Amino acid sequence: MRHGEVHNPDGLLYGRLPGYHLSELGRKMAERVAEHLAPRDITRVVASPLERAQETATPIAKAHGLDLATDARLIEADNVFQGKTFGVGDGALRNPDNWKHLVNPFRPSWGEPYVDQVVRMMGALNAAKDAARGHEAVLVSHQLPIWIVRSYVERRRLWHDPRKRQCTLASLTSFTYLGDKIVSVGYSEPAIDLVPAHLRAGAKSQKGSEVQGKAFGA
C-alpha cells in the first residue's frame, strides 16, 4: 500500500525527511483502506519507518488486532533533491546546479539506484510472505519503490516517466504468491473518491503537495 496524503504546505520533495505526517485527508484515506481490508485474512502489517507510512498502517493493524511491524527496506527512495521543490515545469531543470545530478536517468543519477530499490523491496516482500504464509500481509511503503518493484516483477524497464506511475495515494498493489513465486500482480484504489483529481495517476503536475507527476519524485 502507498501511504495517504501528507501535510506538505510548502510543496517540498520531502523524501526521507522526518516530520512529515498525514494530513486530515490522508488519515481519512488510511481509515477507508482499513475498512476495505477488514474482512481480509491479514496476519501481518508492516510499514516503512517514516511517519506517513506508520500512520497509514496503524488503523489496518488495529482493525486486525495486530502489532505494527517496521521494515527499513520499505523506506522512500533516497534523492539528492530532498528538501527542495523539484517538479515538472517549476524551472528546476534550467538550474545549472542541478545538471550534474541529471546525467543518467537510467540509474538514476539523482538518487538511489533502481536496482537497489528492487533488491530491498523484494527482500521486504519475501519476508512478509514468509511471516504470513497461508494468509495475507499488508506492507505500507512509498510510490517510487512500489512502482519499481512492480515494474521488476512485471518485467518492464525500471527507468520510466514519473507521470505514468500507476500508484495513487492509498492505493493497493497486490502480489500473489504460489509457494515462493509471484504469480500475479493486482492494483486497486479503495480510497480513490477521497483523492483530489490533480493527485491521481496521469494528472497534470502542479506545484504543491506530492503529486503523481512529480519529477524524480518519490
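All values below come from the heavy atoms of this structure, side chains included, with hydrogens, waters and symmetry mates left out. Computed from a predicted model, the values in this text were never measured in an experiment.
Two residues are said to be in side-chain contact when any heavy atoms from C-beta on lie closer than 4.5 Å; Pro49 and Ile75 meet this criterion. Considering only heavy atoms from C-beta on, Arg165 comes within 4.5 Å of Leu144 through its side chain. Counting only heavy atoms from C-beta outward, the side chains of Asn8 and Tyr20 approach each other to under 4.5 Å. Considering only heavy atoms from C-beta on, Glu76 stays 4.5 Å or farther from Leu17 through its side chain. Taking the side chain as every heavy atom from C-beta outward, Arg52 and Tyr14 approach each other to under 4.5 Å. You'll find the side chain of Leu172 stays beyond 4.5 Å of the side chain of Tyr187, heavy atoms only. Residues Val46 and Val138 have side chains not in contact (no heavy-atom distance under 4.5 Å, counting atoms from C-beta outward). You'll find the side chain of Arg150 reaches within 4.5 Å of the side chain of Val185, heavy atoms only.
Cation-pi contact between Arg156 and Trp147: present, with separation from the ring centre below 6.0 Å and deviation from the ring axis of at most 45°.
For His64 (side chain) and Leu37 (main-chain N/O), a donor-acceptor pair under 3.5 Å exists by modelled atom type. Panel note: side chain Asp161, backbone Arg163; a donor-acceptor pair is recorded below 3.5 Å. Side-chain atoms of Thr56 come within 3.5 Å of backbone atoms of Gly4 as a donor-acceptor pair (strictly under, hydrogens ignored). Remark: side-chain polar atoms of Arg200 are paired, donor with acceptor, to backbone N or O of Ile192 under 3.5 angstrom. Using modelled atom types, no side-chain atom of Ser188 and backbone atom of Pro190 make a donor-acceptor pair closer than 3.5 Å.
Distance OG/Ser151 to CZ/Arg157: 10.0 Å, rounded to 0.5 Å. The line from OG of Ser141 to CD1 of Ile148 is 11.5 Å long, rounded to the nearest 0.5 Å. Interatomic distance, CD of Glu5 versus CG of Leu25, reported as 4.5 Å (0.5 Å rounding). Expressed to the nearest 0.5 Å, how far OG1 of Thr176 lies from CD of Glu136 amounts to 8.0 Å.
Contact detail for Arg16 and Ala77: the closest heavy-atom pair is NE-C, 3.9 Å. The minimum heavy-atom distance linking Met122 with Ile182 is given by the pair CE-CD1, 4.2 Å. Of all heavy-atom pairs between Glu51 and Gly19, the closest is OE2-N, 2.8 Å. Residues Val195 and Leu169 approach most closely at CG2-O, 3.8 Å, considering heavy atoms. Pairing each heavy atom of Leu139 with each of Ala128, the nearest pair is CD1-CB, 3.5 Å. Residue Leu74 comes nearest to His142 through the heavy atom pair O-CD2, 3.3 Å, listed as atom of the first residue, atom of the second, then distance.
Taken together through direct or relayed side-chain contacts under 4.5 Å among Ile, Leu, Val, Met, Phe, Trp and Tyr, Leu68 and Leu50 form parts of separate hydrophobic clusters. Leu22 and Met29 fall into different hydrophobic clusters, defined by Ile, Leu, Val, Met, Phe, Trp and Tyr side-chain heavy atoms under 4.5 Å apart, directly or through other members.
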- Item | Intermediate values then yes/no, salt bridge (charged side-chain N to carboxylate O under 4.0 Å, His left out), Arg27 and Glu31 | CA-CA 6 Å; Arg27 293 182 184 279; Glu31 292 289 349; over 6 Å; no
- Task: Could you please spell out the steps behind the side chain to side chain contact (heavy atoms under 4.5 Å, CB included) verdict for Phe175 and Val183?
- Result: CA-CA 8 Å; Phe175 300 87; Val183 294; over 6 Å; no
- From CA spacing to verdict: side chain to side chain contact (heavy atoms under 4.5 Å, CB included), His7, His21: CA-CA 6 Å; His7 180 64; His21 298 268; 5.7 Å; no
- Under the side chain to side chain contact (heavy atoms under 4.5 Å, CB included) criterion, do Leu194 and Arg32 qualify, and how do the steps go? CA-CA 9 Å; Leu194 298 176; Arg32 171 68 63 80; 4.0 Å; yes
- Message: Could you go through Asp71 and Arg120, starting from their C-alpha distance and side-chain angles, then the distance that decides it, and tell me whether this counts as salt bridge (charged side-chain N to carboxylate O under 4.0 Å, His left out)?
- Response: CA-CA 10 Å; Asp71 190 331; Arg120 64 178 174 84; over 6 Å; no
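A salt bridge does not link Asp193 with Lys28: none of the charged nitrogens is closer than 4.0 Å to a carboxylate oxygen.
In Arg133, the CZ atom is crowded: over 12 heavy atoms of neighbouring residues, nucleotides or ligands sit closer than 6.0 Å. The environment of Asp41 atom CG is dense: over 12 non-hydrogen atoms of other residues, nucleotides or ligands sit within 6.0 angstrom. Atom OH of Tyr177 has more than 12 neighbouring heavy atoms from other residues, nucleotides or ligands inside a 6.0 Å radius.
Between the side chains of Gln54 and Thr70, at least one donor-acceptor pair of N or O atoms lies under 3.5 Å. Between the side chains of His135 and Arg44, not a single donor N or O lies within less than 3.5 Å of an accepting N or O. Donor-acceptor pairing under 3.5 Å is lacking for the side chains of Ser171 and Glu189.
Separation of the Tyr114 and His160 ring centroids falls under the 6.0 Å cut-off.
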